[in-house]
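Residue numbering restarts at 1 for every chain, and letters A, B, ... go by the order of the sequence lines. Everything numeric here is computed off the predicted structure, so don't read it as measured data.
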Amino acid sequence: MGRKAYDNLFKYKMIEELCNGKSSLNIEREYGVKNTTVMNWLRNFIKNGAFDDNALLPKEKLKFEQLREKAAKRELELRLHGTSTSESFEWLLEYDSNLQQWKECAEEWIKTIVRNKDAALKALSNFFKKYVIQYNITSSVQEFISKDYDTPDFYEIIYAERGSQINALNEAKKIVQFIDWITEEKFSVEDDYGNKLTPAEFKNPLTKYLPDSVKSSQRNESDKNVLPYRYIKDIRNILCPPNAICFKDLKFAQSAGDSSRNGGDWFIVDKSVIDKNDPDCVYRFRKTSKYEQTSKGLSDEVYEMWFPGCTVALLIKLLLPLRTYQVRMLDSGEIDTYKYVQSKRNVAGEWIKNNSHLSKGTERNPFERGVLRKFKDKTTQLEMTGFYINTNKTADINKEEFNKGYDIPWQYEEVQYWLAKLR
DNA sequence: ATAAAAGCGAGCTTTCTATG
DNA sequence: CATAGAAAGCTCGCTTTTAT
């Protein structure tokens, strides 16, 4: 490709592109200007100002000055100044000459590192570039570690986005060690026995942001891939559409539970038990086959009702981390003293007296075996509704019937709504 | 087991040289 | 001198290998 000449307008545009975060190589691909050329323009502009400043209006002058400041900042960012190799941290001063103290500390600390120095350098480079410089952290080391100084969450800022959290944690630990070293080495006094004591006004402000552990010890007990959560949500919505408010609305479940061989979730009932006004009473009317008439003695037409139990059980499994066996064993709480009623799908309901003839217990000593359970917060005295799971695998072996199971003190209206309906 | 060290690769910038 | 082109070098976030 032959040599080209570019006008000043184009040059400014490219400089702006750089300032907006593009790399010089990126610009080369997009505009066809050599990356080295663009970098030349940038440096030239920073050094000498506007490309032709003889006829500049005051307004333009100001604009160029602002761009020049931005450009200088960007140039520093782009510059490869040996952050990964330099053990003297001269580059820190290029960013801001006030960082002298930090530079000295870093320089001194890195000398004490014998093993894995490379990683320590990387950690410091990130700490200064992404944290100290970006967030205008105080240039006074003493202020940084003093109790009253407010520090942003360094882990969140530098490491939250990392894919490999175990690596991130390791690097973050090095930064914490660095600050620890400063406090100990620079701001501690020795007691009579030669132990180093840190005065109460100092503390490492970063320690509190360091996660105790990291998910990466994801020791899965299975070597199978996990089903993405998205699918769970999809299935929930198929089984129970977001706008469904009664059993009649669960159309998919009703059709899926229709088996010609064994009836599925549909069972034959006498017409008299059907309440046509109840939206939760799902019924239908169908003609019977010859075979059914002769072998089962049915009449030509029968009424059938839909049993929502299986569907709700499935839904519970999709909403709560329970095993099928646990869901099947849940108690509806027919003999409990109180019962729970909830009229809206997403709004918590209330507890009323259970006036069924099976009801047991007294107000002072209520009977509660049902899956929905009333909890009272000990500190706020607020009442809420959670779950009581009455079976729990091995943990319950040798336990009295009454002590089996466990509580889930968590108010989850979606689940409560359908469970209360089933009752 | 866990930490350190080495290595990799993608995406950059810098340096050096050639050329109109 | 400005620009293109090529090659060398740097950085960073991992992964893999090695050491403790």
Do the side-chain N or O atoms of A:Thr83 get closer than 4.0 angstrom to the phosphate oxygens (OP1, OP2) of C:dC10? no
Any side-chain N or O of A:Lys34 less than 4.0 Å from the OP1 or OP2 oxygen of B:dT13? no
Shortest side-chain distance from A:Met39, nucleotide among B:dT13, B:dA4, C:dC14: B:dT13
NA contact type, A:Lys174, heavy-atom cut-off 4.0 Å: base, sugar-phosphate, or nothing? sugar-phosphate
Side chain of A:Lys129 only, heavy atoms from C-beta on: which candidate in B:dT14, C:dT3, C:dT11 is closest? C:dT11
Rounded off to whole Å, could you give me the CD1-to-C1' distance for the A:Ile158 and C:dG13 pair? 14 Å
I need the CZ-P distance between A:Arg43 and C:dT3, as an integer number of Å. 16 Å
Residue A:Thr37, side-chain atoms from C-beta onward, closest of B:dC12, C:dA4, C:dT11: C:dA4
Assess whether a salt bridge exists between A:Glu413 and A:Lys344, defined as any Lys/Arg side-chain N lying under 4.0 Å from an Asp/Glu carboxylate O. no
Among the nucleotides C:dG5, B:dC12, B:dA4, whichever has the atom closest to the side chain of A:Leu25 is B:dC12
Could you state the CH2-C1' distance from A:Trp91 to C:dC10, rounded to the nearest angstrom? 14 Å
What's the closest nucleotide to the side chain of A:Leu80 if the choices are B:dT15, C:dT11, B:dC12? C:dT11
Do A:Glu90 and A:Lys103 sit within salt-bridge range, that is, some charged N less than 4.0 Å from a carboxylate O? yes
Which part of the nucleic acid, if any, lies within reach of A:Asp118 when heavy atoms closer than 4.0 Å are counted: base, sugar-phosphate only, or nothing? nothing
Kindly point out which of B:dC12, B:dT14, C:dC14 is positioned nearest to the side chain of A:Ser23? B:dC12
What's the closest nucleotide to the side chain of A:Tyr6 if the choices are B:dT14, C:dT3, C:dT11? C:dT3
Starting the side chain at C-beta, find the nucleotide from C:dA6, C:dT20, B:dT13 nearest to A:Arg115. C:dT20
For A:Glu87, is there an ion pair with A:Lys117 - N to carboxylate O distance below 4.0 angstrom? yes
More 5' along DNA chain C: A:Glu161 or A:Arg79, using each one's nearest nucleotide? A:Arg79
Expressed in angstrom and rounded to an integer, what is the separation of A:Asn35 atom CG from C:dG9 atom P? 17 Å
Is the distance from OP1 or OP2 of C:dA4 to the nearest side-chain N or O of A:Asn40 less than 4.0 Å? no
Whole Å only: how far is the CZ atom of A:Arg29 from the P atom of C:dA4? 16 Å
Looking only at side-chain N and O atoms, does A:Lys130 come under 4.0 Å of OP1 or OP2 in C:dG13? yes
Looking at A:Lys147 and A:Glu201, does any basic side-chain N land under 4.0 Å from a carboxylate oxygen? no
Respond yes when some side-chain nitrogen or oxygen of A:Trp41 is under 4.0 Å from OP1 or OP2 of C:dT3, and no when none is. yes
Expressed as a whole number of angstroms, how long is the span from A:Phe127:CZ to C:dT11:P? 19 Å
I need the CZ-P distance between A:Arg162 and C:dT15, as an integer number of Å. 11 Å
Does a salt bridge link A:Lys70 with A:Glu65, judged by any charged N lying under 4.0 Å from a carboxylate O? no
Roughly how many Å is it from CG in A:Leu121 to P in B:dA6, rounded to a whole number? 14 Å
Looking at side-chain heavy atoms only, is the closest gap between A:Leu197 and A:Ser188 below 4.5 Å? no
